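Being a predicted model, the structure only gives us computed values, none of them experimental.
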Amino acid sequence: MAAEAKIDESKLLPVLDLTPKQIVEKLDTYIIGQKNAKRCVAVALRNRTRRLRLDADIQDEIAPKNILMIGPTGVGKTEIARRLAKLCNAPFLKVEATKYTEVGYVGRDVESMVRDLMAVAYNDVKREMQEQLKEACKPRVEEDLLDLLLPGSGKKSKKEKNVSALPVSLFGMPVSAPAELPASENESEKKDETLSENANENEENAEQQKSTREKFRKMLRDGLLEEREVEVAVERSNRIPSMQIIAGGSMDDLESGMQEIANMLSGGKSHKKMMSVREARQVLLEKNLEKITDPDKVADIAKKRVEQMGIIFIDEIDKIAVRGGESSGRDVSREGVQRDILPIVEGSNVNTRYGVVDTTHILFVAAGAFSVAAPSDLIPELQGRFPLRVQLDSLNAQDFKRILVEPKNALIKQYKSLLATEGVTLEFTDEAIDRLSYLAEEVNRKSENIGARRLQTIMETVLEDISFSADEHSGETISITKDFVDEKLKNVIEDQDISRYIL
């Protein structure tokens, strides 16, 4: 099995070949507007690919240009970072700056974001590696299924067992079978006849079992036994507990490690479970994949991915900024978090359960609305770690209209697909789309500006009755017009106090 299980490691370390212009085009399929932000992240991503093509001595000298996105909520900051990571299949982690505390306080320390990123990369590489190993596992899974369908058919014959049980050598000297005591000629002849009959009988049984096994193998490959039930031993997975205490982990990591120790000590014995051959095939495939997957190789490749291609998106970074630069009371911890983030962003070694990770070439993208604090309220050292700043624009009615119809995952497309499962056909007129866009902009202007998320609340309110009774309108075509939208939102729009809570 080890000889068949070949892995193409080049596929596990993908390099993005898209140009910045092509990256922007890819982002345009999901995100409307924000051209400056898209160009900035596209160049940053392309520069990472360019760096990997340089000589090793120059690679280490080129650090990533971290980005600070500034703009109100709902304009696409998080979505840009998420889509960017998917384009290059890079390890990506989104965290909120507000969940971290300064070292010495109870809570998560900033190093845990690197440990979390490493865990994400490990799971991704493991899944991709097992995808490559599936073909090598299929013969083994087939044999295991035949053993379940025909218990004992895969075992060696008694004659083969006796032969294999003989000692081969002792202290380097060959050893023969133990000599038998002398017997009379008649007894010897009878014994020979009995042995010969038993041998013939064993050979006939073995041939019959082999023939039956081959018949079942053909039926299995033809899919005739998919619904046959078999008894499979299902084991509770027990990993060696990770000693995050030694690795400098936080309280969360300590709690996780103690839970793993408790699970290991509680047993984890396998138990039998009846299931169909179709279900058993998947269970056996996973068990065999676990056996032939090398965790050390997975960890090494994941570590390379994180160090060379990892992206950490730190959201709500404005919430740890201190207004006016004056700190007192609870603001002390905010400044402490900023100081703790500094070495991680600049480049330091972080202990993880998969090894020590160097953060020097991890790309950090920070984002915040900065509606109360300003970027200048961050400590100067942290500001300098994010040299590229991008201002994202607020969305207007025209942007909302495009968001409703243009992206690959546009809201109108989503609702049409959902109701189509009930046999209902939705049609939106251009006037209705214009009205929805205008109302989204108007409500954002008069109340809190939550960006494109406002469209979701408006669409849900407009289509609430249709979604509730869709099963009663199967086969019908429902047209959403401007008057229909005004009728559904009439009371909410007129009463500003209600609109603040509903929309």
Side-chain angles (χ1 to χ4, degrees), residues 16 23-45 48 64-100 108 110 112-114 116-117 119-121 124 309-321 337 341 344-345 362-373 375 378 382 385-386 388-395 399-400 402-404 406-411 414 440 444 448-457 459:
L16 184 68
I23 294 173
V24 171
E25 290 174 358
K26 294 282 186 181
L27 293 175
D28 284 340
T29 59
Y30 293 97
I31 304 159
I32 297 300
Q34 314 304 351
K35 183 177 294 185
N36 291 335
K38 292 175 185 175
R39 287 171 61 92
C40 184
V41 296
V43 171
L45 194 63
R48 292 167 71 76
K65 307 303 183 290
N66 299 319
I67 303 169
L68 178 63
M69 293 186 182
I70 305 167
T73 182
V75 296
K77 300 187 297 293
T78 305
E79 192 65 17
I80 287 175
R82 183 181 291 114
R83 296 296 174 183
L84 198 67
K86 287 185 178 180
L87 281 179
C88 59
N89 196 25
F92 174 80
L93 180 71
K94 175 185 177 294
V95 298
E96 286 78 32
T98 52
K99 75 176 183 179
Y100 297 107
R108 302 207 73 186
V110 294
S112 63
M113 70 174 69
V114 181
D116 293 342
L117 180 65
V120 169
D124 289 344
M309 305 167 60
I311 300 174
I312 294 181
F313 182 80
I314 306 176
D315 204 1
E316 308 293 349
I317 197 170
D318 57 317
K319 303 301 187 294
I320 61 172
V337 174
I341 290 177
I344 303 296
V345 176
I362 293 178
L363 177 64
F364 288 87
V365 181
F370 290 100
S371 55
V372 177
L378 295 170
L382 187 60
R385 301 301 187 275
F386 292 89
L388 301 184
R389 295 188 183 182
V390 184
Q391 181 72 45
L392 282 82
D393 303 322
S394 297
L395 302 175
D399 293 326
F400 287 136
R402 295 180 60 196
I403 290 172
L404 284 173
E406 289 186 17
K408 192 174 181 180
N409 58 344
L411 276 177
Q414 292 181 26
N444 272 347
E448 293 294 331
N449 184 4
I450 61 172
R453 296 185 180 94
R454 184 72 66 186
L455 290 173
Q456 298 178 8
T457 59
M459 290 286 288

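- Closest heavy-atom contact between N449 and S394: ND2-OG, 3.9 Å.
- Contact record, A440 with L455: CB-CD2, 3.6 Å, taken as the closest heavy-atom pair.
- Side-chain contact check for F386 versus I67: every heavy-atom pair is 4.5 Å or farther apart.
- Proximity of R83 to K26: side-chain heavy atoms (C-beta onward) are nowhere separated by under 4.5 Å.
- Residue E79 holds its CD atom at 12.0 Å from CD of Q34, rounded to the nearest 0.5 Å.
- No salt bridge links K408 with E406; every basic N to acidic carboxylate O contact stays at or beyond 4.0 Å.
- Between A367 and L68, the closest heavy-atom pair is N-CD1, 4.4 Å.
- Distance CG/L45 to CD1/I311: 6.0 Å, rounded to 0.5 Å.
- Around atom NZ of K99, more than 12 heavy atoms belonging to other residues, nucleotides or ligands sit under 6.0 Å away.
- For the pair P375 and I70, the minimum side-chain heavy-atom distance is below 4.5 Å.
- I80 CD1 to C40 SG: the interatomic distance, rounded to the nearest 0.5 Å, is 9.5 Å.
- Using a 4.5 Å heavy-atom cutoff, the side chains of M113 and Y100 are in contact.
- The shortest distance between side-chain heavy atoms of I23 and L84 falls below 4.5 Å.
- The backbone N or O of K77 lies less than 3.5 Å from no partner atom in the side chain of R82, so there is not a single donor-acceptor pair.
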Take V114 and L93 through the test side-chain contact (heavy atoms from CB on, under 4.5 Å) and record every step on the way to the result.
CA-CA 9 Å; V114 181; L93 180 71; over 6 Å; no

Give the intermediate values and the outcome of side-chain contact (heavy atoms from CB on, under 4.5 Å) for residues L411 and I403.
CA-CA 8 Å; L411 276 177; I403 290 172; 5.6 Å; no

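- Contact annotation: the side chain of I314 never approaches that of E96 to less than 4.5 Å [non-hydrogen atoms, C-beta and beyond].
- Between the CD1 atom of I32 and the CG atom of L395 there is a distance of 9.5 Å, given to the nearest 0.5 Å.
- For the pair V41 and V24, the minimum side-chain heavy-atom distance is 4.5 Å or more.
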Might you work through the side-chain contact (heavy atoms from CB on, under 4.5 Å) test for K38 and I31, ending with a clear yes or no?
CA-CA 9 Å; K38 292 175 185 175; I31 304 159; 3.9 Å; yes

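- Atom CD of Q414 and atom CE of M459 lie 9.0 Å apart (nearest 0.5 Å).
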Would I320 and I341 satisfy side-chain contact (heavy atoms from CB on, under 4.5 Å), going step by step from the backbone distance to the final call?
CA-CA 11 Å; I320 61 172; I341 290 177; 4.1 Å; yes

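- Listed here is the closest heavy atom pair of R402 and G33: NH1-N, 4.4 Å.
- If you take CD on Q456 and CZ on R453, they are separated by 7.5 Å, rounding to the nearest 0.5 Å.
- The two residues D318 and G368 have their closest heavy-atom pair at OD1-CA, 3.4 Å.
- Counting only distance, with no hydrogens or angles, the side chain of N66 and the backbone of L363 share no donor-acceptor pair below 3.5 Å.
- With contacts defined as side-chain heavy-atom distances shorter than 4.5 Å, the pair F313/T78 qualifies.
- Taking both residues in full, the closest heavy atoms of T73 and A369 are given as N-CB, 4.5 Å, listed atom of the first, atom of the second, then distance.
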